[in-house]
K.L.:
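Shown below is the structure under consideration.
Heavy atoms only: backbone and side chains are in, while hydrogens, waters and symmetry mates are out. If you read the sequence from its start, that first residue is 1, and numbering goes on from there.
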Amino acid sequence: MPASPSGPVTSRTRSWWGWGYTDAHPDDAECVALGALLPGTLGRPLPVPRVADLSIGRPGVTPPTALAHLVTADPGVRAAHAMGKAYRDVIRALRGRPGRIPDLVARPTDDREVADLLDWAGGQGVAVIPFGGGSSVVGGVEYRGDAHRAVLSLDLTSMDRVLEVDTVSRSARIQSGALGPVLEAQLRPHGLTLRHFPQSFEFSTLGGWLATRAGGHYATGRTHIDDFVQSLSVVTPAGPGTSWRLPASGAGPSPDRLFLGSEGALGIITEAWMRLQERPHHKASASVAFADFQQALEAVHAIARSDLSPANCRLLDPGEALLSGASHDGSSVLVLGFESATSPVDYRLASAMDLAVAHGGRGAHGGYNERGGHSRRSAHSGRGGTPAAHGGAPADTAVSAWRSTFLRMPYLRDGLARMGAVVETFETAATWDRVPSLIDAVRTEVRSVASKATGHPATVNCRLTHVYPDGAAPYFTVAVAGRPGDEVRIWDDVKAAASDVLHRYRATITHHHAVGRDHRPGYDLQRPDPFALALRAAKDALDPHRILNPGVLID
């Protein structure tokens, strides 16, 4: 059945240079307060950059009359499509060096218009950079180099409809430019959800998730967008194609797998049939503190091997726990969450907490579900009957503190960047036998490189974002005061050191943030040579003029 075309509408202004909405950015006073946390930062924040201060030339190419209505050369729009939202993007904008700004920005509304734009670009030698929400943190939506006559940013957010919902098979056909909130708003009347909520949910699109094999918020089970794909429609310079809509198939290599994670280098994903789920009605959450991080890792490993399948199983080391407000006593904190559309989940939460306590967890916080029922681990109640921690604090204090900081963190990073700090994250995944030593090596070696590069003490924190029976995904945060004007080079050096550690431990260069341009050296080392040969052949066949996202995945 057709879905409602309307999604949430907001009048808030997106930042062209930083994360999210401009009205959510830290003001100057908050920036100064943030800078005080890192010795050696600037005395006052860098000014908020203005598009008017950028040198934006005239477009190097003019679209044909038939496509002119799809294209704009507005300087503000072009600047907003020049980069993603990585630290190096933010600091380059703050320093007035955003890199190559696209000549034009196109907003097609259907597959035919996408094909027409690709045909024109191919004939004119114009590079085409696919663009969804612009939330890339790996250099995935910018052009580097000078091999093309001009650069066209292909913004797909006008293709944002849920076109069809199949309630019998519980799936939907969705255009790739739908932002997370727009997509979910159209599914909500059907009582269904895609249940894919990355941190960038507000500012990223279905097509972006598919093209980058994005990971969602949920820690176990279906963690990557791959798991929800039923069928893809793709427009390439060589022509369009749509895979069959199937629950499963053993018919040769999967055509969908060719384009999942292809980052727009092989074609433009325009639609997808996606598997949906009923919206959850039962939720419960809790937290457990650990004096020893190694014991906490063992607890998470035990939970991951069980059949409990927590929606959230996020382990914060002492630094991350302090940063989020989940703990102030040097403890590591495990945040647990469960949900279900059909049955209460309190018993699953209680079982997971029992496993955590058996591995050294202490001060277990009682959980609660959204219907008001207490978890059976809630041994005490606070004022007003609120489930409470054994120490007397409200039961959801650590969980709520972590959730609030999780959503706010990208804005705080930008505030620290204005103070001249080098603040960025990277993530990986490895099998359980290597996870503890990998975390130790990253902390030690990356901290040493960052400190030597800046002359200031560096902080390297770690959390586990996703866990599997056979491994886990550590996610690291690096923070150190930079040297004015040299922040990008410092981060590139730190990133190179981190990548060397990951390669040495045979940990992936990225678990869910894609390859882009920043991860290319690590990706080239990770992939097998025969696969690289096949990928080059696919690029030659599907993109003969080499216009699609040049420099991503393959040269």
Side-chain angles (χ1 to χ4, degrees), residues 14-20 22 25-26 28 31 35 38 40-60 73-105 127 129 131 134-153 410-411 413-426 450 453-454 456 478-496 516-521 549-552:
R14 285 282 303 274
S15 172
W16 74 268
W17 65 272
W19 186 261
T22 57
H25 286 188
D28 286 2
C31 288
L38 285 178
T41 54
L42 302 175
R44 59 183 180 181
L46 296 169
V48 173
R50 303 187 310 161
V51 173
D53 295 332
L54 300 177
S55 177
I56 302 179
R58 295 176 60 84
D74 178 82
V77 176
R78 291 165 63 189
H81 287 73
M83 302 180 299
K85 302 303 182 186
Y87 167 78
R88 69 191 319 275
D89 302 327
V90 170
I91 198 67
R92 283 188 295 162
L94 287 168
R95 293 295 184 184
R97 302 192 294 265
R100 175 72 178 266
I101 292 175
D103 296 79
L104 299 168
V105 176
I129 312 297
F131 195 98
S135 62
S136 171
V137 293
V138 293
V141 294
E142 68 176 89
Y143 181 86
R144 296 179 189 172
D146 57 5
H148 292 79
R149 175 184 176 190
V151 179
L152 174 74
S153 178
Y411 292 103
R413 179 207 63 179
D414 291 358
L416 281 165
R418 289 187 62 200
M419 297 303 297
V422 177
V423 184
E424 187 57 298
T425 62
F426 62 94
T454 63
H456 299 292
V478 182
V480 64
R483 286 195 306 272
D486 206 21
E487 297 94 346
V488 171
R489 189 192 66 77
I490 290 171
W491 171 247
D492 287 346
D493 289 346
V494 171
K495 178 68 174 179
R517 292 162 179 83
D518 295 347
H519 286 158
R520 264 298 299 276
N549 222 0
V552 166

K.L.:
Where do Thr41 and Gly35 come nearest, in terms of heavy atoms and distance?
P.N.:
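Result for this residue pair: OG1-O, 2.8 Å.
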K.L.:
What is the distance from atom CZ of Phe426 to atom NZ of Lys495, rounded to the nearest 0.5 Å?
P.N.:
6.5 Å
K.L.:
Holding to salt bridge (Lys or Arg N to Asp or Glu O under 4.0 Å), I want the full list of residues that pass it with Arg418, two or more places apart in sequence or in another chain.
P.N.:
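By the salt bridge (Lys or Arg N to Asp or Glu O under 4.0 Å) rule, Arg418 matches Asp28.
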K.L.:
Answer yes or no: is there an ion pair linking Asp89 with Arg92, defined by an N-O contact shorter than 4.0 Å?
P.N.:
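Counted as a salt bridge, because a side-chain N and a carboxylate O are separated by less than 4.0 Å.
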K.L.:
Determine whether Pro410 and Lys85 make a side-chain contact, defined as any pair of heavy atoms from C-beta on separated by less than 4.5 Å.
P.N.:
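The answer is no; the side chains never approach within 4.5 Å.
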K.L.:
Can you name the residues that form a salt bridge (Lys or Arg N to Asp or Glu O under 4.0 Å) with Arg483, not counting sequence neighbours?
P.N.:
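Partners of Arg483 by the salt bridge (Lys or Arg N to Asp or Glu O under 4.0 Å) criterion, ordered by chain and then number, come out as Asp486.
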K.L.:
Do you know the tightest heavy-atom contact between Ile490 and Gly482?
P.N.:
CD1-CA, 4.2 Å
K.L.:
Ignoring hydrogens and geometry, is there a side-chain-to-backbone donor-acceptor pair from His519 to Gly139 under 3.5 Å?
P.N.:
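A pair under 3.5 Å: no.
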K.L.:
Are Arg100 and Glu142 packed together at the side-chain level, in the sense that at least one heavy-atom pair is separated by less than 4.5 angstrom?
P.N.:
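Of all side-chain heavy-atom pairs linking Glu142 with Arg100, none is under 4.5 Å.
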K.L.:
Please check if atom CG in Asp53 has more than 12 non-hydrogen atoms from other residues, nucleotides or ligands closer than 6.0 Å.
P.N.:
yes
K.L.:
Rounded to the nearest 0.5 Å, what separation is found between the CD1 atom of Ile129 and the CZ atom of Arg144?
P.N.:
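Atom-to-atom, Ile129:CD1 and Arg144:CZ are 11.0 Å apart.
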K.L.:
Counting only heavy atoms not in Arg489, do more than 12 sit closer than 6.0 Å to its CZ atom?
P.N.:
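For Arg489, atom CZ is crowded (more than 12 foreign heavy atoms under 6.0 Å).
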K.L.:
Taking the side chain as C-beta and beyond, is there a heavy-atom pair between Trp17 and Pro98 under 4.5 Å?
P.N.:
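The answer is no, as the side chains (C-beta and beyond) never meet within the 4.5 Å cut-off.
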K.L.:
Using 0.5 Å steps for rounding, measure from the OH atom of Tyr143 to the OG atom of Ser153.
P.N.:
14.0 Å
K.L.:
Minimum heavy-atom separation for Gly20 to Tyr411, with atom names?
P.N.:
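Heavy atoms only, the tightest pair is CA-OH, 3.4 Å.
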K.L.:
Show your working on side chain to side chain contact (heavy atoms under 4.5 Å, CB included) between His25 and Val48 and close with a plain yes or no.
P.N.:
CA-CA 10 Å; His25 286 188; Val48 173; 5.9 Å; no
K.L.:
Is the closest side-chain heavy-atom distance between Val494 and Glu424 below 4.5 Å?
P.N.:
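Not in contact.
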K.L.:
Give the minimum heavy-atom separation between Pro550 and Ala127, together with the two atoms involved.
P.N.:
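Result for this residue pair: CG-CB, 4.0 Å.
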K.L.:
Does Pro484 have any side-chain contact (heavy atoms from CB on, under 4.5 Å) partners at least two apart in sequence or in another chain, and if so, which?
P.N.:
Leu42, Arg95
K.L.:
Write down the atom of Asp518, the atom of Val137, and the distance for their closest heavy-atom approach.
P.N.:
OD2-O, 4.1 Å
K.L.:
Do the side chains of Arg413 and Thr425 get nearer than 4.5 Å, heavy atoms only?
P.N.:
no
K.L.:
Heavy atoms only: give me the nearest Ala417-Val90 pair and the separation to one decimal.
P.N.:
CB-CG1, 4.0 Å
K.L.:
To the nearest 0.5 Å, how far apart are NE2 in His81 and CG in Asp74?
P.N.:
10.5 Å
K.L.:
Determine whether Asn549 and Arg517 make a side-chain contact, defined as any pair of heavy atoms from C-beta on separated by less than 4.5 Å.
P.N.:
yes
K.L.:
Could you grab the distance from atom OH of Tyr87 to atom CG of Leu94, nearest 0.5 Å is fine?
P.N.:
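Rounded to the nearest 0.5 Å, the OH-CG separation comes out at 8.5 Å.
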K.L.:
What is the distance from atom CD1 of Ile101 to atom CE of Met83, rounded to the nearest 0.5 Å?
P.N.:
8.0 Å
